[in-house]
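Index from 1, following the sequence.
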Amino acid sequence: MFSRILIANRGEIACRVIETAHRLGVDCVAVHSDVDAGAKHVAMADAAVAIGGPAPADSYLQGARIIAAAQATGAQAIHPGYGFLSENPDFVEAVEAAGLVFIGPSARAIRAMGLKDAAKALMEKAGVPVVPGYHGADQDPARLAQEAGRIGYPVLIKAVAGGGGKGMRRVEGPGDFDDALASARAEASTAFGNADVLIEKYVDKPRHIEVQVFGDGNGAVHLFERDCSLQRRHQKVIEEAPAPGMTPDMRRAMGQAAVRAAEAIGYSGAGTVEFIVDASEGLREDRFYFMEMNTRLQVEHPVTEAITGIDLVEWQLRVASGEPLPVKQEHLTFTGHAFEARLYAEDVAKGFLPATGVLSHLAFPPGVRADSGVRPGDAISPWYDPMIAKVIVQGPTRAAALVALERALRGTRVAGTVTNIAFLARLAAQPDFVAGDVDTALIDRHLATLAADPAPGPAEIALAALAALGLAEGAGEMGGFALWVPQSWQVALRHGEADLTAAVRVIGPERFDVTVGDTVVALERQGGGWVVDGQRMAGEVVMHGRQITVMARDAFVFDHPDPLDRGGAATGDGSLIEAPMPGLVKAVLARPGQAVAEGDRLAVLEAMKVEHALLAARDGLVAEVLVTEGEQVEGGAALIRLEPQD
Ligand code: MV4
């Protein structure tokens, strides 16, 4: 076994590799970009080397610097993780030329699977079923059109260098072929610098089932399958093992095909053989086809670990250090069922827009495996993939594991950014998915329901209102508060596009009535939690800056508009100056008829023991002054009206 390795990656996979390496007594060297100097993977490592700027091209893709870092720190091997340099054969050769071990397959094996047409030809020769189609060298459009006709429509044009759906076109009939071919070739040429395509029969209602393989250069075994059909825009969302509906015969057939694929290229290390499965008539042994081989450890490997009890990173380190595969195929078994959900900082309601933020809160329920590269207080930065964690659960049956998944998601607490947790939890309860009736279009078919923005209820709004007033924190502040709090506090909140108000009344120490619309919510703090209308609420609320996150069954992010900003742009067209919150009018500086300029102080409001200047949002004339000094006003009360100056 190695005594020291370098991990050429960041985030959760770097942390994941370090954990196993440390368990085996192997020291770890981290590399990091400038923005990652304080990252979790750096903190976990035994040594760390800065390798450049935040853009991946300036750091995590700088192969020469990474190799130099390994040599400078005495690492004997480099683990590439996934992404970045993990499937770059030139990097593998450079690592080996430097006298180091690449923890993964040979450059030759990576190259053999790099181009779809060559890989398909190789697989066909090895007796692995491939999708009926044409993957020849002749790229003459007339020849390709003729092949499409022979295959039978609908067909799929795929870029031979493609990935992630780029350079892929579905063609319904011969009349559409020439245009589709031209656009697929143009896209492939731009994206990959290679315009070559292959043509395949279009597989209807496809499922994505992949087989985990492991080789030691002398042979290979498989560790059963994963189903990754739940994806959106070629991004996997929830993965599971085993595949629902899989029969022992089909599993054996797919496993043997995957082992043939790995052995055909003398594979060493962890790999995945991806199959597309025509599930239009259930899972059938003659309806699975090789799609591609991923010559690396994959993001979703933990579901395989969960059902087999095998640590795949341990196997990677053992095989790379020269040990043979530890187990023969006939001794490999699995039990139960596992799911992985990918938790992202993203705004589902805004089309899954990646989000950023500082994680003021990050906690997972006990007993759940959460692979994460961030800790509470860490930032999700715009430089890298916004994945927060992978949540992995298992159970004796698929149904039990699914219950565990929903519980794990509902019990996960994240604040500081919006997340896809509610989306994942809904997906976990989606009837077709629950029934195991999955295919690659399931999410798109049900997107409207799955991605709908859950609306906060009165209880969540009430909790947010208390947090906005600083009353959700605990007993300490209550005494002081009770001395000066008015009977009823109006609180303005924003959730998404909705402006909300709540009226908070202090009933006693730790007891509040909050009016939201025409509902009155009775809230009481008890032992660090909340009792809402007499029932314990499993939830927490945290405030970070002007953002409030209520984490209950769903998580809701509210904005508490900054009173200092409010005299400005927040008040419609800027003609009305309103009290941003309830308070005492300390001073009125504006006089009727006076000309004012944007930014002039018009009035001073004292609220929550702080004086807030209310500023003119634009130039204008003071049309009306609606309050006098010393007056107590409600939140939202109109104070001063401006009119345009002409
Ligand atoms: C297909 C297919 C249907 N028929 N090939 C998408 C990514 C690329 N690696 C292969 N893909 C597909 N190939 C044939 N002959 C449908 C897809 C496909 C898909 C496959 C796996 C997971 C998700 C998918 C989403 C859309 C289309």
> So which heavy atom on Val128 is nearest to which on Ala261, and how close?
CG2-N, 3.9 Å
> For the CD atom of Glu346 and the OG1 atom of Thr356, what is their distance to the nearest 0.5 Å?
13.0 Å
> I need the full list of side-chain hydrogen bond (donor to acceptor under 3.5 Å, both in side chains) pairs touching residues 173-183, with sequence neighbours left out, sorted by first then second residue.
Arg169-Ser183
> Is it the case that atom CD in Glu330 sees more than 12 heavy atoms from other parts of the structure closer than 6.0 Å?
yes
> What ring pair (Phe, Tyr, Trp, His ring centres under 6.0 Å) pairs are there with at least one residue in residues 223-263, not counting sequence neighbours?
His222-Phe224, Phe224-Phe334
> Which heavy atom of Thr417 sits nearest to which heavy atom of Val414, and what is that distance?
CG2-CG1, 4.2 Å
> Do Asp278 and Arg284 sit within salt-bridge range, that is, some charged N less than 4.0 Å from a carboxylate O?
no
> Return the CG to OG1 distance between Leu223 and Thr304, rounded to the nearest 0.5 Å.
7.0 Å
> Considering non-hydrogen atoms only, spot the tightest contact between Phe214 and Ala270 and give its length.
CE1-CB, 3.4 Å
> Taking Glu285 first and then Arg251, would you say they form a salt bridge - that is, a charged N and a carboxylate O separated by under 4.0 Å?
no
> Does the Lys NZ or Arg CZ of Arg413 fall within the cation-pi geometry relative to Phe364 - under 6.0 Å from the ring centre and within 45° of the axis?
no
> Cut-off 3.5 Å, side chains only: do His135 and Glu200 have a donor facing an acceptor?
no
> Where is the tightest heavy-atom contact between Ala107 and Pro89, given as atom of each residue plus distance?
CB-O, 3.6 Å
> Not counting sequence neighbours, which residues clear side-chain contact (heavy atoms from CB on, under 4.5 Å) with Cys228? List them please.
His208, Glu210, Arg226, Lys236, Glu239, Glu300
> By side-chain hydrogen bond (donor to acceptor under 3.5 Å, both in side chains), which residues pair with Arg185, not counting sequence neighbours?
Gln139
> Donor-acceptor pairs under 3.5 Å, side chain of residues 399-407 to any protein atom, not counting sequence neighbours: which ones?
none

> Please check this pair: side chain of Ser280 against backbone of Asp204, looking for a donor-acceptor N/O pair closer than 3.5 Å.
no
> Show, in sequence, the C-alpha distance, side-chain angles and deciding distance for Asp117 and Lys120, and conclude whether the salt bridge (Lys or Arg N to Asp or Glu O under 4.0 Å) test is met.
CA-CA 5 Å; Asp117 52 348; Lys120 245 183 121 169; over 6 Å; no
> Residues two or more places apart in sequence or in another chain: which of them pass side-chain hydrogen bond (donor to acceptor under 3.5 Å, both in side chains) with His41?
none
> Do the two ring centres, one from Phe352 and one from Phe423, sit under 6.0 Å apart?
yes
> Would you name the heavy atoms of Ser106 and Val92 that are closest together and state the gap between them?
C-CG1, 4.3 Å
> Test side-chain contact (heavy atoms from CB on, under 4.5 Å) on Val438 and Arg207 and set out the steps.
CA-CA 7 Å; Val438 295; Arg207 277 174 67 173; 3.8 Å; yes
> If the condition is side-chain hydrogen bond (donor to acceptor under 3.5 Å, both in side chains), which residues does Thr295 pass it with, not counting sequence neighbours?
Glu87
> With sequence neighbours left out, what residues match Ser268 under side-chain contact (heavy atoms from CB on, under 4.5 Å)?
Val319
> For Thr272, which of Glu292, Gln298, Arg296 qualifies under side-chain hydrogen bond (donor to acceptor under 3.5 Å, both in side chains)?
Gln298
> Indicate whether any N or O donor in one side chain lies under 3.5 Å from an N or O acceptor in the other, for His79 and Gln316.
yes
> Which is it for Ile78 and Ile103 under the side-chain contact (heavy atoms from CB on, under 4.5 Å) test, yes or no, and what are the steps along the way?
CA-CA 6 Å; Ile78 295 184; Ile103 302 172; over 6 Å; no
> Salt bridge between Asp437 and Lys205, side-chain N to carboxylate O under 4.0 Å?
yes
> What distance do Leu325 atom CG and Asp216 atom CG have between them, rounded to the nearest 0.5 Å?
4.0 Å
> Salt-bridge test for Arg16 and Glu305: reply yes if a basic N is under 4.0 Å from a carboxylate O, no otherwise.
yes
> What pair of heavy atoms forms the shortest contact from Met293 to Gly271, and how long is it?
CE-CA, 4.4 Å
> Looking at CD1 of Ile443 and CG of Leu427, how far apart are the two atoms once the value is rounded to the nearest 0.5 Å?
5.0 Å
> Kindly check if the number of other-residue, nucleotide or ligand heavy atoms within 6.0 Å of NZ (Lys166) is above 12?
no
> Could you tell me the separation between the OG1 atom of Thr449 and the CZ atom of Arg426, rounded to the nearest 0.5 Å?
8.0 Å
> Scan residues 242-288 for pairs that pass ring pair (Phe, Tyr, Trp, His ring centres under 6.0 Å), counting only residues two or more places apart or in two chains.
Phe275-Phe288
> Under the side-chain contact (heavy atoms from CB on, under 4.5 Å) criterion, do Ile388 and Ile380 qualify, and how do the steps go?
CA-CA 8 Å; Ile388 298 169; Ile380 301 291; 3.9 Å; yes
> Who pairs with Ala425 by side-chain contact (heavy atoms from CB on, under 4.5 Å), at least two apart in sequence or on another chain?
Leu409, Arg410
> Please list every donor-acceptor pair under 3.5 Å in which a side-chain atom of residues 142-151 meets a protein atom from a residue at least two apart or in another chain.
from   : atom 1 : to     : atom 2 : distance (Å)
Arg143 : NE     : Glu147 : OE2    : 2.9
Arg143 : NH1    : Asp138 : OD2    : 3.4
Arg143 : NH2    : Glu147 : OE2    : 3.0
Glu147 : OE1    : Arg150 : NE     : 2.7
Glu147 : OE1    : Arg150 : NH2    : 2.5

> Can we say Lys390 and Glu12 salt-bridge, meaning some charged N sits less than 4.0 Å from an Asp/Glu carboxylate O?
yes
> Partners of Ala338 by side-chain contact (heavy atoms from CB on, under 4.5 Å), sequence neighbours excluded?
Val303, Ala306, Ile307, Gln394
> Please assess Leu332 against Ile310 for the test side-chain contact (heavy atoms from CB on, under 4.5 Å), listing each intermediate value before the final yes or no.
CA-CA 10 Å; Leu332 284 163; Ile310 289 166; 3.4 Å; yes
> Between Asn420 and Tyr344 (side chain of the first, backbone of the second, donor and acceptor by atom type, cut-off under 3.5 Å), is there such a pair?
yes
> Pairing donors with acceptors under 3.5 angstrom, does anything connect the side chains of Tyr60 and Asp36?
yes
> At what distance, to the nearest 0.5 angstrom, does OG of Ser86 lie from CZ of Phe102?
7.0 Å
> Establish, yes or no, whether the cationic atom of Arg398 lies under 6.0 Å from the six-membered ring centre of Phe433 and within 45° of the ring axis.
yes
